[in-house]
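Structure, as structure tokens:
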Amino acid sequence: MNINKFLKISVLVCGSIVTAQTKSTISVDTKQPSSIISKHIYGHFAEHLGRGIYDGIYVGENSKIPNSNGVRKDIINALKELKIPNLRWPGGCFADTYHWKDGIGPKNLRPTIVNNWWGGNTEDNSFGTHEFLNLAEELGTEPYLAGNVGSGEVKELSDWVQYTGKDTKSPMTDLRKQNGRDKSWNVKIWGVGNEMWGCGGNMAPEYYANLYKQYATFMTDWTNSDKLFRVASGANVDDYHWTEVLMRDIPRNMIEGVALHSYSFVKWDQKGDAVDYNEAQYFATMKTALKMDELVTKHSQIMDKYDPEKKTALVVDEWGGWYEVEKGTNPGFLYQQNTMRDAMIAGVTLNIFNNHSDRVRMANLAQTVNVLQAVILTKGEKMILTPTYHVLNLYKAHQDAKLIPLQIESPEYKLNGESLKAVSASASEKDGVVTISLVNIDAKNTVETSINLKDFSKKVFTAKIISSPKIQDHNTFDNPNVIEPKEYKKIKTTKDILTVEVPPFSVVVLTSK
Ligand code: AHR
């Protein structure tokens with residue numbers, strides 16, 4: 001057997017499984033400009049969908065489950081720990097069916113709403129504007145409200161802006177006071193519709209760009225003295241024409257963000273099980289996750305053409321893994337388990353966003369509780385934190401930190417004639433602490449990663465790891481701590497070279513001492 005210095009083969013217990021060790025090198029890219037990694041890249045998304053809000057976040061004041069104004073206390077604590085910077089609500093597709101005035105005032109007088117897109121169930125509107133904004137306040141997170149453009153009206157959205165963000169006397173602020181809230185919640189972040197190319201109204205970009213301008217005009221005044229952050233409904237994956245038209249047709253002073261939605265999956269029409277998947281399906285999922293790099297690069301290039309000063313942010317307000325729903329659950333509820341594959345998606349996607357933080361200044365993982373790539377799953381009184389939660393918890397050190405651009409030489413992760421870069425990384429510095437996040441997506445090979453510390457301000461690091469023996473491993477309600485971060489000792493520093501053994505499908509986060 002030919003063993004060269006880059007390849008060390010070791011045979012594991014079960015004779016047929018062979019793991020190899022390959023090498024990766026990382027150093028600071030001193031030629032690349034730096035940027036601040038906006039904390040808003042670490043945003044979340046809670047839609048009225050399945051068990052996301054009702055029976056997830058919100059159980060009602062009369063529930064036996066400990067709650068604060070109807071919101072589960074265990075969820076509040078878990079999200080506080082994550083330091084979520086913003087929370088998008090009420091949709092998603094649901095947003096363009098939602099009429100906010102149906103969700104204020106005495107709960108027994110609120111009309112019902114049929115959740116047309118997601119399961120067709122009837123909701124009682126007991127979780128509305130006050131309940132959501134009070135929750136955001138309790139979490140210390142910025143609310144990101146998605147306005148109804150598809151089936152709403154200009155006045156409806158401008159009234160919502162007044163109701164939630166203004167203190168000047170007006171019919172809307174009087175109404176808010178009548179409903180028990182004196183001071184506004186100072187809401188600044190607004191989505192102007194959602195997926196207008198699809199569930200938001202099946203519009204052409206030119207038509208939506210005009211509509212956007214109309215809505216955006218009446219949300220504020222001549223100069224946007226309210227400093228609203230208005231996000232236009234953006235492209236579906238690689239629909240670059242959509243971004244082009246919005247950037248071309250909407251004046252810079254009317255648009256603070258352009259959205260982008262892109263999910264990770266095996267095949268869109270054959271998504272496969274969330275837990276019971278094989279390596280080929282894992283590989284296919286990682287391929288779509290890594291495509292995010294190409295997507296943000298190309299959408300950013302179009303934005304650069306119209307906005308070289310990078311005034312308008314690229315807002316990836318829906319991203320994450322999407323599989324078949326758990327067997328026996330409502331197909332419209334999008335409930336899925338969360339395995340080490342999801343930890344990989346989270347790790348590589350957040351590295352991509354960090355590394356593109358000059359333009360990507362906000363993002364929202366879909367979704368917070370019990371829906372798609374959730375950070376929290378609930379079952380009755382029980383609640384578990386998913387592998388994705390733990391990745392976000394380790395990565396929170398990057399929030400509002402200064403990006404340290406990296407040069408990364410990675411071995412290839414190969415399967416069935418295709419290959420992907422095995423190692424992804426990003427680094428940042430904040431308050432004198434350097435954080436380096438490493439991900440190895442290779443399902444079989446450990447990567448020995450050598451980080452040249454020459455251009456780093458810190459030389460001594462500790463490490464934490466998220467890893468597990470099987471890629472399909474996950475936390476369950478009976479066994480909630482299968483996957484959680486652990487101290488990691490397989491790092492050593494010799495003469496300014498920090499060497500880290502990054503096991504197959506693992507996330508390692510290094511923190512300077
Ligand atoms: O996140 C689930 C759905 O995915 C959202 O409602 C929609 O915006 C997207 O298609």
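One-based numbering, in listed order, for ligands and for the atoms of each.
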task = Cation-pi check, R341 to Y277: give yes when NZ or CZ is under 6.0 Å from the six-membered ring centre and within 45° of the ring axis, no otherwise.
result =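 Yes - R341 lies over the ring of Y277, closer than 6.0 Å to its centre and within 45° of its axis.
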
Q) Is the Lys NZ or Arg CZ of K188 less than 6.0 Å from the centre of W190's six-membered ring, within 45° of the axis? A)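 No, a cation-pi geometry is absent between K188 and W190.
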
Item to check | ring pair (Phe, Tyr, Trp, His ring centres under 6.0 Å), paired with H48, selected from Y54, W117, W118, F333 | outcome: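 Considering Y54, W117, W118, F333, a ring pair (Phe, Tyr, Trp, His ring centres under 6.0 Å) with H48 is found only for Y54.
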
Going by the atom numbers of ligand 1, which of them fall below 4.0 Å from some non-hydrogen atom of [X]?
X	value
E195	7 (C), 8 (O), 9 (C), 10 (O)
W322	4 (O)
Q367	1 (O), 2 (C)
F45	1 (O)
E47	1 (O), 2 (C), 5 (C), 6 (O)
L372	1 (O), 2 (C)

Answer with side chain, backbone, both or neither: which part of [X] has a heavy atom less than 4.0 angstrom from an atom of ligand 1?
X	answer
N194	side chain
F94	neither
W118	side chain

Item checked: Y413 ring center within less than 6.0 Å of F283 ring center ->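 Yes.
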
Proximity of W89 and F45 rings by center, below 6.0 Å
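Centroid distance W89-F45: not below 6.0 Å, so no.
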
* Asked: Under 3.5 Å, is there a donor-acceptor pair between the N86 and H44 side chains?
  ->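 No, because no side-chain N or O of N86 sits under 3.5 Å from a partner of the opposite role on H44.
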
**ligand 1 to C93 polar contact by distance, N or O atoms, under 3.5 Å** =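 Yes; the residue has a nitrogen or oxygen that sits under 3.5 Å from a nitrogen or oxygen of the ligand.
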
Flag, side chain of Q399 to backbone of Y42, donor-acceptor distance under 3.5 Å: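 No; zero donor-acceptor contacts below 3.5 Å.
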
query = When you measure from atom 7 (C) of ligand 1 to each heavy atom in R88, E318, H48, which option holds the nearest one?
reply =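 That would be E318.
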
Would S437 and S426 satisfy side-chain hydrogen bond (donor to acceptor under 3.5 Å, both in side chains), going step by step from the backbone distance to the final call? CA-CA 5 Å; S437 43; S426 65; 3.1 Å; yes

If you have a sec, work out which protein heavy atom is nearest atom 1 (O) of ligand 1 and how many Å separate them, to one decimal?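 For atom 1 (O) of ligand 1, the nearest protein heavy atom is Y263 OH, 2.8 Å.
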
